[in-house]
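What follows is a single structure, written as structure tokens, with notes after it.
Quantities reported herein were computed from a predicted structural model and do not represent experimental measurements.
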Amino acid sequence: MQPRRVAVLGGGPGGLYAARLLKLAFPSCEVAVHEQGEPDTTFGFGVGLAAGTQRKLAAADPDTLRDLVAAGCRHDMTLRVGGRVARVRNDRLIGVARTELLAILQRHAEKAGVSLHFGARESAADLDADLVVAADGVGSATREQGSFGARIGTGRGLYLWCGADFALDDALFEPVRTEHGVFVTHAYPYGTGRSTFLIETDEATWRRAGFDRTPEDTSSDEVSLRYLQDAFAETLRGHRLIGNRTRWLRFRTVHCEQWSAGNTVLLGDAAHTAHFSIGSGTKLAMEDAIGLVEALRDTGDLPNAFARYEADRRPAVERLQELARRSRLWWESFPARLHLPVEQLMVAYMTRAGNVPLERFAATSPDLVATALTQYAGTPPPPDGLVDWVLARRPVPPAGLVTLDEVVDDPWDDVGDAVVARAREARERGAPGFRFTGPGDRDALLTRLDLAERVRLEAGGLILVEGPAALRDDLAAGLVSARTDLIEETA
Ligand SMILES: Cc1cc2nc3c(=O)[nH]c(=O)nc-3n(C[C@H](O)[C@H](O)[C@H](O)COP(=O)(O)OP(=O)(O)OC[C@H]3O[C@@H](n4cnc5c(N)ncnc54)[C@H](O)[C@@H]3O)c2cc1C
């Protein structure tokens, strides 16, 4: 189809990139972006762009990608616990300052002929265009006022996003224990002399530290920033934590039953969000832009184009949202795993959402995985056949394991609490441990391993998880990550 006038609401990465790609695909179309902020003011510090995203951007728009890569800062990934460090090499993960990312996207949009309008809050309904792209972010008023069947879930933990005026050597995950509880940073460098620090904690710690009594306003929460600066003083090497409208937040996961209504289509965070711990919000928004423009180019009218866009994008978005959900649950319960050696904890991190098979991780980080397997088994692994080796080291389960077959969605919710309570009672009555059984599909097995881990941590005893032989990778990862002590393969 050939749109004549397109209005894009929101000049974040999704809106700006969609505007440029639209103008390149339909040179005679008028494309305007309406952004409430000023060109050089934005929230946040840096964003990460992984290899897969860079490949997609390279195919859609090599010029923009070239500038993004030039502005980015490559880094490896480290996990540091109690002074011990596990490092994973990552050749194509870059951090880019959000300000720089937006400046590049603004420049390329203008170069393509897009008109950019800053400084006024607009409403999708008032924009005069045959197509309105609503890229107005996680708080999208378009979504809230329209009929998109939106559902918003809220994370249990609290996080705040701040920065520091020095560049870390690598991305860093690090927990710090204060008198109030554990705070964990996800930090990474994103330019010369700049790092993002995203710091999260659980609600009880947050309350004990008195952060629930911080007055509500829109400026940065300086009390929390100073507290965290002290807590992470060693990591910060004497530098300050810097806020930019930095407040404690709970992550909001957005799902919509439909992404379009009339001539308006949602894109990026307005349509869906995925927990920050998989670093994919910018990627999803920019890939949505690619998908939308392809659908418009290949179909005859708006309803068909919107249907095609949604059909193309929804499976990838929902898959990432599910990975992000598992990742969020893992991070929200992270302090419970701090007794693990750091290499084993890194394996648990990499396999937390079922996205990275153990052997693939071993192929990219052989020394780290060999150390983790030695920690797990007490003896070094062979060079190949790791899954077979892990699964072959299988002691005979003791008699008297109590069977638990609850099917839960979220092992850390109140249904999970009830399972833990029953497991504790069974332990008091002398049960040696538990056998977790249930459906054979992969989602069910991954959740069962997570529930087993929680019971292992909170009720103790020997834990056995049943799972299909076809899912041996997940069973092996569950053992090495200390989610379970034993596994039993079923048909
Ligand atoms: C703590 C945290 C860490 C993150 N880390 C990463 C990361 O490492 N990697 C990554 O890829 N992503 C990360 N993200 C996510 C990422 O920032 C967003 O997913 C991404 O910016 C979404 O792009 P967007 O264009 O959809 O929306 P946004 O970037 O939110 O842009 C929406 C724009 O619309 C404007 N707007 C809203 N309403 C109106 C209106 N009515 N009129 C005019 N303008 C309007 C806003 O001012 C804003 O500029 C993180 C997010 C958070 C919260």
Next item on the list: Write down the atom of V265, the atom of L292, and the distance for their closest heavy-atom approach.
Entry: CG1-CD2, 3.9 Å

Check: Are side-chain heavy atoms of W330 and D450 found at a separation under 4.5 Å?
Finding: no

Item checked: Close side-chain approach of L105 to T64, heavy-atom, < 4.5 Å -> yes

Notebook entry, point to check: Do V390 and L373 come close enough that some side-chain heavy atom pair is under 4.5 Å?
Noted result: yes

Notebook entry, point to check: Would a distance-only check, ignoring hydrogens and angles, find a side-chain to backbone donor-acceptor pair under 3.5 Å from S327 to L323?
Noted result: no

Notebook entry, point to check: Which atom names give the shortest non-hydrogen contact between V254 and A271, and what distance separates them?
Noted result: CG1-O, 3.6 Å

Note to self: Taking the basic N atoms (NZ, or NE/NH1/NH2) and the acidic carboxylate oxygens, is any pair closer than 4.0 Å for R143 and D269?
What the structure shows: no

Notebook entry, point to check: Is there a donor-acceptor pair under 3.5 Å between the side chain of Y188 and the backbone N or O of G46?
Noted result: yes

Next item on the list: With sequence neighbours left out, write down each residue that passes side chain to side chain donor-acceptor pair (under 3.5 Å) with Q106, or none if nothing qualifies.
Entry: none

Check: Are any side-chain N or O atoms of R74 and backbone N or O atoms of N90, one a donor and one an acceptor, separated by less than 3.5 Å?
Finding: yes

Check: Does the R313 side chain pair with the main chain of I290, one donor and one acceptor, at a distance under 3.5 Å?
Finding: no

Next item on the list: Would you give the length of the straight line joining atom CZ of R326 to atom CD1 of I278, rounded to the nearest 0.5 angstrom?
Entry: 12.5 Å

Check: Can a salt bridge be assigned to the pair R89 and D170 using a cut-off of 4.0 Å between side-chain N and carboxylate O?
Finding: no

Check: Is the backbone of V480 close enough, under 3.5 Å, to the side chain of Q344 for a donor and an acceptor to pair up by distance?
Finding: yes

Item checked: Candidate pair D63 and H108, rule side chain to side chain contact (heavy atoms under 4.5 Å, CB included), full reasoning -> CA-CA 8 Å; D63 287 353; H108 281 279; 3.9 Å; yes

Next item on the list: Begin with the C-alpha distance, continue with both residues' side-chain angles, and end with the deciding distance and a verdict on side chain to side chain contact (heavy atoms under 4.5 Å, CB included) for L57 and Y17.
Entry: CA-CA 10 Å; L57 301 192; Y17 199 49; 3.6 Å; yes

Notebook entry, point to check: Distance under 6.0 Å and angle within 45° of the ring axis: does R393 meet both against W389?
Noted result: yes

Notebook entry, point to check: Shortest non-hydrogen contact from S140 to A270?
Noted result: CB-CB, 3.6 Å

Next item on the list: Please examine the side chains of V47 and K283, heavy atoms only from C-beta on, and report whether any two atoms are closer than 4.5 Å.
Entry: no

Notebook entry, point to check: Any luck finding a side-chain donor-acceptor pair between D136 and T142 under 3.5 Å?
Noted result: yes

Note to self: Which residue is it: F45, W161, W331, F232? I am looking for the one with a ring pair (Phe, Tyr, Trp, His ring centres under 6.0 Å) to H186.
What the structure shows: W331

Next item on the list: Evaluate the side-chain proximity of Y227 to F211: yes if any heavy-atom separation is below 4.5 Å, no if none is.
Entry: yes

Margin query: Could you tell me if S365 and R87 have a donor-acceptor pair between their side chains, going purely by distance under 3.5 Å?
Written below: no

Item checked: Interatomic distance, M346 atom CE to L340 atom CG [nearest 0.5 angstrom] -> 13.5 Å

Notebook entry, point to check: Given V455 and V419, is the side chain to side chain contact (heavy atoms under 4.5 Å, CB included) satisfied, shown in steps?
Noted result: CA-CA 8 Å; V455 169; V419 175; 4.1 Å; yes

Notebook entry, point to check: Is the shortest heavy-atom distance from the side chain of W248 to the side chain of T201 under 4.5 Å?
Noted result: yes

Next item on the list: With rounding to the nearest 0.5 Å, note down the distance linking CG in L445 to CG in L471.
Entry: 5.5 Å

Note to self: Please report the interatomic distance CG(L49) to OG1(T282), rounded to the nearest 0.5 Å.
What the structure shows: 6.5 Å

Note to self: Any non-hydrogen side-chain atom of E234 less than 4.5 Å from a side-chain atom of E174?
What the structure shows: no

Return all side-chain donor-acceptor pairs below 3.5 angstrom for residues 355-362, not counting sequence neighbours, or 'none' if the list is empty.
from : atom 1 : to   : atom 2 : distance (Å)
N355 : OD1    : R319 : NH2    : 3.1
E359 : OE2    : L386 : N      : 3.1
E359 : OE2    : V387 : N      : 2.8

Check: Salt bridge or not for R325 and E322, using N-O below 4.0 Å?
Finding: yes

Check: Is there a donor-acceptor pair closer than 3.5 Å between any side-chain N or O of S220 and the backbone N or O of R245?
Finding: yes

Note to self: Nearest 0.5 Å, please: how far is CG in L249 from CG in L158?
What the structure shows: 8.0 Å

Next item on the list: Kindly say whether the aromatic ring centers of W206 and Y159 come within a distance under 6.0 Å.
Entry: no

Next item on the list: Without swapping roles, check the side chain of S195 against the backbone of F166 for a donor-acceptor pair under 3.5 Å.
Entry: yes

Notebook entry, point to check: Who passes ring-ring contact (aromatic ring centres under 6.0 Å, His included) against W412, sequence neighbours left out?
Noted result: none

Item checked: Steps toward side chain to side chain contact (heavy atoms under 4.5 Å, CB included) verdict (R448, R483) -> CA-CA 10 Å; R448 190 149 71 242; R483 294 183 181 111; over 6 Å; no

Note to self: Main chain of G416, side chain of D413: is a donor-acceptor contact present, judged purely on distance under 3.5 Å?
What the structure shows: yes

Next item on the list: Check I242 against T246 and note the closest heavy-atom contact, atom names and distance.
Entry: O-OG1, 4.5 Å

Check: With a 4.0 Å cut-off, would you call E343 and R84 a salt bridge?
Finding: yes

Margin query: Are L225 and Q229 packed together at the side-chain level, in the sense that at least one heavy-atom pair is separated by less than 4.5 angstrom?
Written below: no

Next item on the list: Could you tell me whether the side chain of E332 and the main chain of R156 form a donor-acceptor pair under 3.5 Å?
Entry: yes

Margin query: Assess, by modelled atom type and distance only, whether the side chains of H272 and Q321 contain a donor and an acceptor separated by less than 3.5 Å.
Written below: no

Check: What distance separates L228 CG from C162 SG, expressed to the nearest 0.5 Å?
Finding: 6.5 Å

Note to self: To check you understand the geometry: which heavy-atom pair defines the closest contact between L446 and G354, and what is its length?
What the structure shows: CD1-CA, 4.1 Å

Next item on the list: Using modelled atom types only, decide if a donor and an acceptor are shared between the side chain of R247 and the backbone of S219 within a distance under 3.5 Å.
Entry: yes

Item checked: Smallest separation among heavy atoms of I94 and V69, with atom names -> CD1-CA, 3.9 Å

Next item on the list: Considering only NZ, NE, NH1 and NH2 on the basic side and carboxylate oxygens on the acidic side, decide whether R107 and D67 come within less than 4.0 Å.
Entry: yes

